[in-house]
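First up is the structure itself, then whatever we jot down about it.
Note: hydrogens, waters and symmetry copies are ignored here, and every other heavy atom, side chains too, is used.
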Amino acid sequence: MLGVVLLFVGSVERMSYDLPFCFRGNRGVTNDVVIVYVDENSLVELREKSARLLNRTNHTRLLQRLAKDGAKLVFYDFLFSAPDADPRVDRDLAAAIHANLSVVLVGAFQASASKLDLIPPISVLTDSAHCRWGHANFNTDSCFSVRTLPQPIDQMPNAASVAASHLAATENIAALDRGAKRWLNFYGRPGEAFQSRSFLDALSTNLADGYFSNKVVFVGSHLMVGGVGEARDEYATPYTWFGKPLAPGVEIQATAVLNLVNQEWLRRLPPWVEIPVAVIWGYFGSLALVSLCRRGVPRFLLIVLLAVAGAAVLVCFLQWHFRWWTNWLVPVVLQPVLATQFLGVTGFFLAKAQVKKEPYLAFLSYHSDPDGPMANIIKRELKQSGERVFYAPDALGAGHLIELLTAEVERATYFVLIVSKGSLIKCARPDDWVRLELVRAVELRKRIILVFQRGFSFDSVLDPAREPKAAEIDKLAPWRFIKGVEVDSNQPEPAVRELRRLMESEGALANLQRLFTRRVKEFNVEAREASMADTQPPRA
C-alpha cells in the first residue's frame, strides 16, 4: 500500500520522468529548425540595456532578413504589449511581419487579485493576415521546471499549438484531446539539441544569404528578461538534476512545437495500470526477496541489482521508443528498498522480543531449491499428525532473518536437514544460512536427523570441480558420519514413517548427537592447531 501512495508523490514522479532523458542524452532533431538568441554579446554590440527593451527597429531588421531568405515560419518569443513611442516604428514592424510567410507572436496571462489578466500583442501587429498569436505561459512546478505541454487558458490557445497548426495538418492538431495531459519529450540538453545563432549574427553578413530559407525560426532571449527583480525566462529541465544549465523559454517553446507537429509527446500510463503493477510487483517481489535471502547476502544483492537494472532498461526503452512513461522508481527502486528494510527491522525486533513459546517438534531446514518440495511434504505430514513444525518459508513472510532463524532452532526438539546431491557445497561459506542454523543446533545439543534425497552421497558434497577447497568442506561436514533417512520423492510416505521412528528412538538419537558433537570439537581443535602452525615463525 505504501508503494501505491508513493506513486503520486511529486518529487518521485519528477525523478521518474527525468532520469530516462539523462540516460539517453541528445537525440537528433529531424525538423529544419534554428533558434536566434538575443544574448549578452548582441546587447553589447547593439548598445541595448536588456532584451525586453531592445529597440523594435532591430526586430524589424531581423524580420526583413527572414522574409528575404524565405523562412517557413517565425515564432517570435517577445511580448509587444505596448505601442512604441514612435508609431512609425510599429508600422514598420507590422510591414516586416506581413512580408513573411507566417509569424507567430506571443501574449501572456498575468495573475491579479482575483483572476488572470490577458496581455495580448498590440493590434497593429496582429492585424496582418500573416500573423497569429497565442499565450506563452508554461505550467511550472515548485522547482520552476516545465514538464508538460502548455494548455489553452480561458479558451485562449497557446502559441505552440498555433505554430504547430500552421506547420502540420490543421485537422490533426485540432483532433488532439485538449483535456489530456501531454508531457514534453525533450530532444537534448539545453543549448545542444537545436541549431542556434545569435541575434547579432542574424543581422550581420556573417550568415550567407538564404541561410534561413524554408526553416522554422524561433526568436527569443537567452538572458534575464527585464531588469533586476523581474521574471526569468529560463526554466529547469530533466538535465538540470545533473548540473546542466537552465533552458531558455524559447527552447521550451521549440520543443513543444515540434512535439505537436511530430505528435511525439510523452504519455503517462494511466492509474488503472500503474496501481495494479505496483501491487503485483510488491507482492511477488516480497516473496522473491524472502526466497533470495536464504541464498546468502552477496548473491542476494547481485540478483536484486540485476533485477533493478533490467527493469530500469525496460522503462527507458518504453519511454524512448514508445513514448510512454510511468513512475517507475516506486516499484523498481523504492519498493525493494523498503521491503528489504522492513524485513531487516522486523526481524531484528522480533529476535529481540522473542519470548518463551510452545516448542516445536522439528526445525526443517534445506539448502537448494530441489529440496524445498520434500521439506514441504514432511511439514505437511507432520502437521497432519498434530505436530508443530517450524518451516522457514512460512515464517519469513513475517520478517524473519538469520538472527531469528537461529533463535527458532532453540525451540525445536529435532533439527531435520533435507539434503540432495551438491546441496551442502555452499556450507563452506561462513555466512551460509544453513551452516549457521546447523552450528546453532550443535551448540544447543539438538537432536539432528538428515533426510537424504535419492542420488545424494557424501562424496557428492566434495566436488573438486565446483569447490576447490574440498578438504575444508570435509572437515566442516561432521554430518558425513551420521546416518539418517533416505527418501524417494515419488514415495515419501515410508521415509516420513522412518523419520517419526527415529524421533521416537531416544537412545539412537542420543548416540548420533554425541558422535556429531565430538566430531565438531575435533574439527575445532584441528582448525586451531592449523592456525597456530601458520602463524609460527620459521626456524633458522
- Shortest non-hydrogen contact from F212 toward A202: CZ-CB, 4.0 Å
- Query: Under the side chain to side chain contact (heavy atoms under 4.5 Å, CB included) criterion, do V36 and F218 qualify, and how do the steps go?
  - Reply: CA-CA 6 Å; V36 176; F218 292 84; over 6 Å; no
- Message: Contact between Y76 and V106 at the side-chain level, heavy atoms closer than 4.5 Å - yes or no?
- Response: no
- Query: Taking the side chain from H135 and the backbone from Q151, do they hold a donor-acceptor pair closer than 3.5 Å?
  - Reply: yes
- Task: Could you tell me the separation between the CD1 atom of I252 and the CZ atom of F138, rounded to the nearest 0.5 Å?
- Result: 6.0 Å
- Item | Inter-residue atom distance E437.CD - L417.CG, 0.5 Å rounding | 8.5 Å
- Looking only at heavy atoms, the pair that brings A136 and D77 closest together is CB-OD1, 4.2 Å
- Message: Between N158 and N137, do the side chains contain a donor N or O and an acceptor N or O under 3.5 Å apart?
- Response: no
- Whether T255 side chain and E251 backbone form a donor-acceptor pair below 3.5 Å: yes
- Task: Applying side chain to side chain contact (heavy atoms under 4.5 Å, CB included), run through L149 and L260 and close with a yes or a no.
- Result: CA-CA 9 Å; L149 270 70; L260 290 170; 3.4 Å; yes
- Nearest 0.5 Å, what's the CD-CG distance between Q110 and L116? 9.5 Å
- Show your reasoning for whether side chain to side chain contact (heavy atoms under 4.5 Å, CB included) applies to V451 and V419. CA-CA 6 Å; V451 177; V419 293; over 6 Å; no
- Query: If you draw the axis of the six-membered ring of W183, does the NZ or CZ of R147 fall within 45° of it and under 6.0 Å from the ring centre?
  - Reply: no
- Query: Do any N or O atoms from the side chain of W320 and from the backbone of P20 form a donor-acceptor pair under 3.5 angstrom?
  - Reply: yes
- N259 and Y187: side chain donor to acceptor below 3.5 Å: yes
- Message: What I'd like to find out is whether the side chain of L118 reaches to under 4.5 Å of the side chain of D154, using heavy atoms alone.
- Response: no
- Query: So do K181 and R268 actually touch side chain to side chain, heavy atoms under 4.5 Å?
  - Reply: no
- Message: Contact between F186 and R27 at the side-chain level, heavy atoms closer than 4.5 Å - yes or no?
- Response: no
- Task: Quick one: closest heavy-atom pair of S365 and V434, and the distance?
- Result: OG-CG2, 4.0 Å
- Message: I'd like to check V38 versus F78 (side-chain heavy atoms, cut-off strictly below 4.5 Å). Are they in contact?
- Response: yes
- Nearest atoms (heavy-atom pairs only) where A441 meets I448: CB-CD1, 4.3 Å
- Message: For the OH atom of Y235 and the OG1 atom of T140, what is their distance to the nearest 0.5 Å?
- Response: 7.5 Å
- Please check if any side-chain donor atom of E192 sits under 3.5 Å from a side-chain acceptor atom of N26, or the reverse. yes
- Message: So, taking the atom named CG in N262 and the one named CZ in R323, what distance separates them when rounded to the nearest 0.5 Å?
- Response: 9.0 Å
- Task: Using atom types as modelled and distance alone, determine if a side-chain donor or acceptor of D201 lies under 3.5 Å from a backbone N or O of R197.
- Result: no
- Task: Indicate the atoms forming the closest heavy-atom contact of P248 with S221, along with that distance.
- Result: CB-O, 3.6 Å
- Would you indicate whether E381, at its atom CD, is surrounded by more than 12 heavy atoms from other residues, nucleotides or ligands within a distance under 6.0 Å? yes
- Look at the rings of F363 and F415 and say which category their plane angle falls in: under 30° parallel, 30 to 60° tilted, over 60° perpendicular. parallel
- Message: Can you classify the ring geometry of Y17 versus F21 as parallel (below 30°), tilted (30 to 60°) or perpendicular (above 60°)?
- Response: perpendicular
- Passes side chain to side chain contact (heavy atoms under 4.5 Å, CB included), L364 versus V389? Steps please. CA-CA 7 Å; L364 293 182; V389 178; 3.6 Å; yes
- Item | Shortest non-hydrogen contact between L105 and A159, atoms and distance | O-CB, 4.3 Å
- Task: Could you tell me whether a side-chain N or O of S161 sits under 3.5 Å from a main-chain N or O of P157, the two making a donor and an acceptor?
- Result: no
- Compare all side-chain heavy atoms of R388 with those of R411 and state whether any distance is below 4.5 angstrom. yes
- Taking atom types as modelled, find out whether D371 and S420 have a side-chain donor-acceptor pair closer than 3.5 angstrom. yes
- Message: Counting C-beta onward and ignoring hydrogens, is there a side-chain heavy-atom pair between L258 and V33 closer than 4.5 Å?
- Response: yes
- Would you say the side chain of V216 lies within less than 4.5 Å of the side chain of N31, judging by non-hydrogen atoms? no
- Query: At what distance, to the nearest 0.5 angstrom, does OG1 of T237 lie from CG of D18?
  - Reply: 7.5 Å
- Answer with yes or no after comparing the ring centroid distance for F199 and Y37 against a 6.0 Å cut-off, counting only values under it. no
